[in-house]
Structures are given as C-alpha cells and as structure tokens.
Amino acid sequence: LFPLLAFSACGYSIVQEKGIMGGQVVYLDVPVFKNKSFEPIVPEFFTEAFTRELVVSGLFEVNRAKSDSFLEGTILNVRAVPSTLNKDGIATQKTVFVDLGLVMIKKEGRFIKNWQLSDSEVYNAEPINFEDFNKRAALGRVAARMARRFSALILTDIDKR
C-alpha cells in the first residue's frame with residue numbers, strides 16, 4: 001500500500017495541464033510578427049523562433065484552427081552599430097540591437113498581458129562579402145535567445161492572473 005501511495009503522490013507534480021493563466025490561454029496563434037524596423041527579413045527569424053519555443057514548451061496548442069488567443073509580436077527597432085574598428089577606421093565588428101514588443105490577446109480582443117524584450121549580439125563585419133550573412137546569423141541567435149527568455153517569463157507567470 002505504501003509504494004502505491006508514494007507513486008500516486010508524485011503524479012500530481014509530474015503531470016502539468018496545458019495552458020497558462022489558470023487555463024485561460026490553451027490554444028495560441030502566432031501570426032507573423034509586425035516589423036517597424038528597416039530590416040526586411042527580421043520578422044521571419046522572430047516568428048519562427050517564438051513559434052518553435054512555444055511548441056517545445058508544451059503549454060499550448062500552437063497555430064490550430066480552434067485557437068482562442070494570439071500572441072502579437074512587433075519588432076520595434078533593429079540597429080547595427082560599429083563596435084570594433086581597424087587602423088583605417090573601418091568596422092571589423094558590429095553589434096546588432098533588437099527591441100521587441102509582445103502582446104497576448106484573446107480572440108474577442110480582450111488584453112491579457114504584454115512584454116518588452118531587448119537583446120544584442122556582436123558579429124564580424126569583415127570580410128565585407130560575409131557581413132550580411134553574419135548579421136543574419138546574429139539576428140537568428142538573438143531571436144532564439146529572446147524566445148527562450150519569453151518562454152521562461154511565461155513559465156514564471158503560469159498561474160498568475
């Protein structure tokens with residue numbers, strides 16, 4: 001009888017229900033992020049990273065037909081700033097900064113919660129032929145890091161209303 005009681009007591013902490021905010025948000029749509037920056041391909045990186053992270057979290061059914069809420073992401077700012085110069089004054093490394101706004105909304109339009117995230121990444125600007133490739137790779141890493149941070153924020157707010 002004792003092993004049966006011990007095993008059944010562990011089940012409560014192992015099994016986790018889907019959704020957050022007391023089951024308020026279970027089915028979640030993640031539309032393509034809006035872009036207020038001048039970088040044309042940035043929404044793809046962030047939409048993919050956040051969708052992947054939310055699916056992996058196991059808390060939601062993501063992008064299903066019966067979604068009751070959606071996560072609206074807006075890329076507010078992307079800027080690249082020289083961080084290292086060579087002896088001729090040409091940038092050899094740059095830092096890309098990203099500011100992102102997220103809002104979770106019920107389908108009927110009721111506001112649930114919003115978040116503001118920022119991050120940066122250094123990338124090589126030389127040779128010049130690889131600068132764009134390196135910048136895109138840096139943006140992909142920033143997107144993945146921000147998505148993981150967002151997932152952690154959601155997990156800490158899982159039962160709060």
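The basis for the numbers below is simple: all heavy atoms, side chains too, and nothing from hydrogens, waters or symmetry mates.
- Put simply, W115 and F70 are part of two different groups of oily side chains (I, L, V, M, F, W, Y) that touch within less than 4.5 Å, one to the next.
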Please test L76 against Q116 for side chain to side chain contact (heavy atoms under 4.5 Å, CB included), starting from the C-alpha separation and ending with a verdict.
CA-CA 10 Å; L76 303 170; Q116 296 285 324; 3.4 Å; yes

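- Counting all heavy atoms, side chain and backbone alike, E121 lies closest to A138 at CG-CB, 3.5 Å.
- Looking only at distances, a side-chain donor or acceptor of N35 sits under 3.5 Å from a matching main-chain atom of S37.
- F130 and V142 fall into different hydrophobic clusters, where Ile, Leu, Val, Met, Phe, Trp and Tyr residues are linked whenever their side-chain heavy atoms come under 4.5 Å apart, directly or through other members.
- To the nearest 0.5 Å, atom CZ of residue R148 and atom CZ of residue R52 are 9.5 Å apart.
- Between L59 and L155, the closest side-chain pair of non-hydrogen atoms falls below 4.5 Å.
- Here the closest heavy-atom approach between residue V62 and residue T51 is recorded as CG1-CG2, 4.0 Å.
- Closest heavy-atom contact between L28 and L71: CD1-N, 3.8 Å.
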What do the steps show when you test I128 against I90 for side chain to side chain contact (heavy atoms under 4.5 Å, CB included), and what is the final call?
CA-CA 10 Å; I128 193 72; I90 297 172; over 6 Å; no

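- Using the six-membered ring where Trp is involved, F33 and F50 have ring planes that are tilted, between 30° and 60° apart.
- Cluster annotation: I154 and V56 are assigned to distinct hydrophobic clusters (Ile/Leu/Val/Met/Phe/Trp/Tyr, side-chain heavy-atom contacts under 4.5 Å, transitive).
- Under the salt bridge (charged side-chain N to carboxylate O under 4.0 Å, His left out) criterion, K107 pairs with D29, not counting sequence neighbours.
- Annotation: F97, atom CZ; neighbour count of heavy atoms from other residues, nucleotides and ligands within 6.0 Å is above 12.
- Note on E61 versus K66: no salt bridge recorded, every NZ/NE/NH1/NH2 to OD/OE distance being 4.0 Å or above.
- With respect to E72 and K34, a salt bridge is recorded, a charged nitrogen being found less than 4.0 Å from a carboxylate O.
- In this structure the side chain of V96 never reaches within 4.5 angstrom of the side chain of E39, judged on heavy atoms.
- In this structure, S120 and R145 approach most closely via the heavy-atom pair O-NH2, 2.9 Å.
- Both I75 and I41 are assigned to one and the same hydrophobic cluster, defined by single-linkage of ILVMFWY side chains at heavy-atom distances under 4.5 Å.
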Please walk me through it: do S69 and I112 pass side chain to side chain contact (heavy atoms under 4.5 Å, CB included)?
CA-CA 9 Å; S69 306; I112 298 172; 4.1 Å; yes

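- For T47 against P31, the heavy-atom pair with the smallest separation is CG2-O, 3.9 Å.
- Taking every heavy atom of both residues into account, D99 and S118 meet most closely at OD1-OG, 2.7 Å.
- Hydrophobic clustering (side-chain heavy atoms under 4.5 Å, transitive across Ile, Leu, Val, Met, Phe, Trp, Tyr) keeps L139 apart from F133.
- Side chains of V98 and D119 form no contact here, defined as non-hydrogen atoms less than 4.5 Å apart.
- With D88 as reference, N86 is the one residue of N86, T92, L85 to meet the side-chain contact (heavy atoms from CB on, under 4.5 Å) rule.
- In this structure, V30 and F60 have side chains that are not in contact, with every pair of non-hydrogen atoms separated by 4.5 Å or more.
- Rounded to the nearest 0.5 Å, atoms CG (L100) and CE (M146) are 4.5 Å apart.
- Note on K106 versus E108: no salt bridge recorded, every NZ/NE/NH1/NH2 to OD/OE distance being 4.0 Å or above.
- Environment of CZ in F38: sparse, with no more than 12 heavy atoms of neighbouring residues, nucleotides or ligands closer than 6.0 Å.
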